[in-house]
Participant: 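Sharing a structure here in structure tokens format.
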Amino acid sequence: MSNNEVEEAIKRIMSHKGVVGLIVINHEGIPIKSTLENSLSVQYAAQVTQMVDKTRSMIKELDNNNDLTFIRLRTKKHEVLVCPEKEYSMIVIQNPIDT
Amino acid sequence: MNETKDNDADKVGLNIFADWNAESASFPSTWREKREFASKVMQTEDIQVHHQEMQCEDDQEKAVQTDFEEINVEVNTLQPPYPPSLFAFFTKVTDDMCRALEENLDPFSVEVFKDSDDLDVFASAARASKEFILRSSSVSSEMFGASCVAWNKIGTQIAVAYCAHAHTDWCFHRAPISSWNLRRMLNTKNNPAHVEIFLPTCVTSMEFHPFHPSVLAVGTYSGCLAILDFSLVGDQQQPTDAKMAGKGTEKLPFYPNNQGSHFGGGEQINDLGYFMTRPEHGLSVTSIQWVKLNSSQSRDLLSRNENPSQFCIITAGKEGHICFWSTNTSNTRVFLERKFIVWADNISADVPLSLSSRCVLKQMGLVGLGACKDDPYTCVLSTAGGFIFQANLGSNIEAYTAMVELKTESSISEEKLLDPGLVYVSQHSDCPEVIHCSPFHRDVFLVGNSNGEVLIQNMLQHGVMFKYNARKYSHHKTLHDAKWSGRPTMFGVVMGKFVQIFDLRKGQTPIVIIPHENMVTQIAFNETEIGTLASCDKEGMVHVWNLPRKYSSIEPHELDVLIRSENSNRQDEQDEDENEDDETLDETMYQE
């Protein structure tokens with residue numbers, strides 16, 4: 001994958017209907033790539049990092065052989081999709097589509 | 001004083017050219033002291049007072065933020081060239097994220113942003129209009145419920161079979177198979193059957209002949225196969241008492257005109273309109289399918305039938321046997337050509353069977369069977385334990401050689417049992433109640449699990465193409481049936497008293513919901529009239545429905561959905577394989 005392909009992957013995700021923003025954070029919870037403004041990126045990064053840690057520890061407590069793979073957090077206004085990996089995590093915010 | 005001055009002067013005079021190093025006065029200046037003292041008392045300049053409790057405009061209060069504070073946080077945005085770990089991360093998650101985003105396309109408008117208790121999806125889903133209600137007057141709803149429903153291939157005739165609500169032992173019920181010709185319907189309700197054929201046992205599966213509109217193959221509770229021909233039986237508008245369904249006080253012949261031959265018999269179906277084989281299956285027949293052979297396939301598979309028809313029958317029994325039957329051209333005789341056994345010993349060791357399956361109870365019960373479109377050799381099976389296998393009915397490999405052991409354990413047949421060459425496809429967490437191959441794509445099939453999950457899978461690929469949860473839209477928790485419709489992307493699911501119709505292109509919400517008064521047992525789509533379907537319930541009623549017009553025809557490029565999804569899955573699998581290689585290479589390079 002080349003540098004352009006990273007940008008292409010981001011564009012591909014952003015091209016989906018209703019996608020408002022994308023944030024990639026590192027393992028420390030610091031945003032390293034974001035399509036949103038800085039302050040919002042930092043807020044999401046901080047909150048999502050805590051949520052991922054808590055969720056992962058919950059799953060491990062219940063079953064040590066299990067692990068977290070994906071989070072879809074549905075709210076009244078939008079959905080937050082989180083794909084956590086070892087070194088990075090991706091956060092995507094998607095808004096409803098008016099039909 | 002003057003003397004003091006003189007003394008000082010003298011001292012000075014003694015060294016008039018020396019610098020003035022006279023000491024200052026030993027006592028401090030009172031004037032300066034007083035001034036300083038005055039400075040402390042009186043404020044001459046502005047003082048900045050910092051209050052912890054009250055926020056002033058310029059203060060930064062840590063406890064409460066009342067005014068907008070611009071946070072200058074530096075986002076450490078990475079610029080190219082990116083580290084290899086970021087490449088691997090994007091490669092891994094992009095497709096999953098896109099898939100999750102695509103799943104949300106339609107449900108966002110209806111389902112997601114409503115309260116979970118809000119069943120507005122029922123209001124927003126389209127409704128079907130009821131065309132007919134059919135009920136056999138020979139059947140008591142206290143004893144029997146409708147178990148199967150089927151349309152003939154030209155869409156004019158509908159048949160319903162009945163099964164007793166409970167069986168304690170062997171089945172001796174006399175149960176009818178009722179048939180209606182929709183072109184002769186006079187009323188919308190209270191339509192007695194046009195033709196009824198009584199069998200000496202309950203029926204568990206059935207399918208009409210692909211070519212002859214009045215010939216029906218049925219599988220029974222007792223493990224038999226029966227061929228019925230409605231055209232040979234006259235109309236029965238007023239059934240006699242002797243032919244009422246119930247316990248068998250009047251014995252009906254199991255094998256009418258049977259001369260005792262093991263491989264079927266009878267030169268013609270009798271006046272009762274059916275022909276039945278011996279029970280080749282030890283338990284009830286769970287699935288029955290007609291398949292069409294070409295001439296070379298007939299030569300390969302058929303050996304016992306001197307005058308075979310190109311149409312054959314595959315039956316699957318709960319005990320784990322699969323039978324391959326040939327018929328003659330007049331559909332009056334059947335011949336058992338091949339018999340297979342689904343046997344734990346013939347399943348590869350990496351399939352996670354339970355220890356008891358491997359060691360003790362080796363036969364695996366068959367729950368469902370789906371014959372592959374255009375390929376009579378291939379079918380998919382669902383077994384107890386939630387396993388899905390692909391089977392090859394062209395296999396000639398014997399299942400086992402210990403024939404002596406077979407005779408002692410299962411004395412049904414002395415014929416050799418073949419190994420169907422099972423290939424493991426997937427395992428589901430719940431029992432796969434129904435399995436049905438797509439009429440439009442040879443490799444695609446749907447599986448309906450009893451917990452309400454419906455999965456669309458491809459025989460040649462791992463993973464799931466589409467996944468639906470019908471349980472969300474029904475108060476009942478058990479799935480009874482799932483079938484493909486006459487459109488490539490539309491299928492129906494039976495959950496309790498509701499029939500839900502889904503479209504692969506329309507997201508997770510059902511496009512049509514059909515409520516019933518009683519628990520629904522099975523549905524069948526009319527292959528000719530695409531927008532028509534029939535449902536039967538536990539009270540023995542049959543309902544014929546018309547879907548809204550917009551769902552009643554195949555739209556252009558509808559099949560492309562299945563093809564695109566198949567290609568996407570294949571690409572995902574290739575990417576996964578490549579990623580595994582790339583990650584290994586990246587790690588190696590990174591370490592270097």
Side-chain angles (χ1 to χ4, degrees), chain A residues 1-19 22-28 30-34 36-43 45-46 69-72 74-79 81-99, chain B residues 65 68-116 118 124 472 506-509 511 568 575 578-579 581-583 585-587 589-590:
Chain A
M1 201 181 223
S2 65
N3 296 326
N4 284 341
E5 290 178 4
V6 169
E7 309 298 337
E8 287 297 323
I10 294 175
K11 279 184 194 171
R12 181 183 160 198
I13 293 172
M14 292 297 295
S15 66
H16 282 80
K17 278 188 183 177
V19 173
L22 176 147
I23 307 164
V24 178
I25 60 176
N26 62 9
H27 62 279
E28 294 173 345
I30 299 172
I32 58 168
K33 272 297 212 188
S34 177
L36 302 172
E37 60 177 19
N38 285 350
S39 58
L40 197 58
S41 302
V42 169
Q43 282 186 321
T69 58
F70 203 97
I71 295 179
R72 300 177 75 153
R74 286 185 174 173
T75 71
K76 279 189 178 175
K77 293 186 181 177
H78 49 245
E79 178 163 307
L81 300 97
V82 182
C83 191
E85 291 291 329
K86 194 177 173 186
E87 289 193 51
Y88 305 98
S89 294
M90 180 184 286
I91 307 164
V92 175
I93 300 108
Q94 188 178 27
N95 267 348
I97 303 156
D98 293 328
T99 58
Chain B
Q65 177 73 37
F68 174 75
E69 177 185 8
E70 189 176 0
I71 302 172
N72 294 321
V73 178
E74 293 182 5
V75 173
N76 187 14
T77 304
L78 282 181
Q79 297 297 332
Y82 301 115
S85 56
L86 191 63
F87 294 158
F89 169 74
F90 269 96
T91 305
K92 192 173 179 186
V93 308
T94 301
D95 287 340
D96 286 341
M97 184 60 78
C98 290
R99 205 173 293 130
L101 291 168
E102 282 159 5
E103 282 178 13
N104 287 343
L105 282 179
D106 264 350
F108 264 76
S109 62
V110 176
E111 175 243 344
V112 173
F113 299 96
K114 301 269 184 183
D115 292 335
S116 59
D118 186 353
S124 59
K472 269 195 293 191
K506 304 290 186 186
Q508 295 282 316
T509 314
I511 55 175
S568 169
D575 290 345
E578 288 172 6
N579 290 341
D581 297 337
D582 286 344
E583 281 180 5
L585 184 63
D586 285 339
E587 285 172 4
M589 288 173 61
Y590 218 40

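Each chain gets a letter, A, B and so on, in the order its sequence line appears, and its residues count up from 1. Remember, it's a predicted structure, so these values are computed and weren't measured experimentally.
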Participant: Side chain, backbone, both or neither: which part of A/Ser89 has a non-hydrogen atom closer than 4.5 Å to chain B?
Facilitator: backbone

Participant: Do the side chains of A/Thr69 and B/Asp96 get nearer than 4.5 Å, heavy atoms only?
Facilitator: no

Participant: CE of A/Met90 to NZ of B/Lys92: how many Å apart, nearest 0.5 Å?
Facilitator: 12.5 Å

Participant: Among side-chain atoms of B/Tyr82 and A/Glu5, is any donor-acceptor pair under 3.5 angstrom?
Facilitator: no

Participant: Measure the spacing between CD of A/Glu85 and CZ of B/Phe90 and express it to the nearest 0.5 Å.
Facilitator: 12.0 Å

Participant: Counting C-beta onward and ignoring hydrogens, is there a side-chain heavy-atom pair between A/Val24 and B/Phe89 closer than 4.5 Å?
Facilitator: yes

Participant: Donor-acceptor check, side chain of A/Arg12 to backbone of B/Cys98, threshold 3.5 angstrom: yes or no?
Facilitator: no

Participant: With sequence neighbours left out, write down each residue that passes side-chain hydrogen bond (donor to acceptor under 3.5 Å, both in side chains) with A/Gln43, or none if nothing qualifies.
Facilitator: none

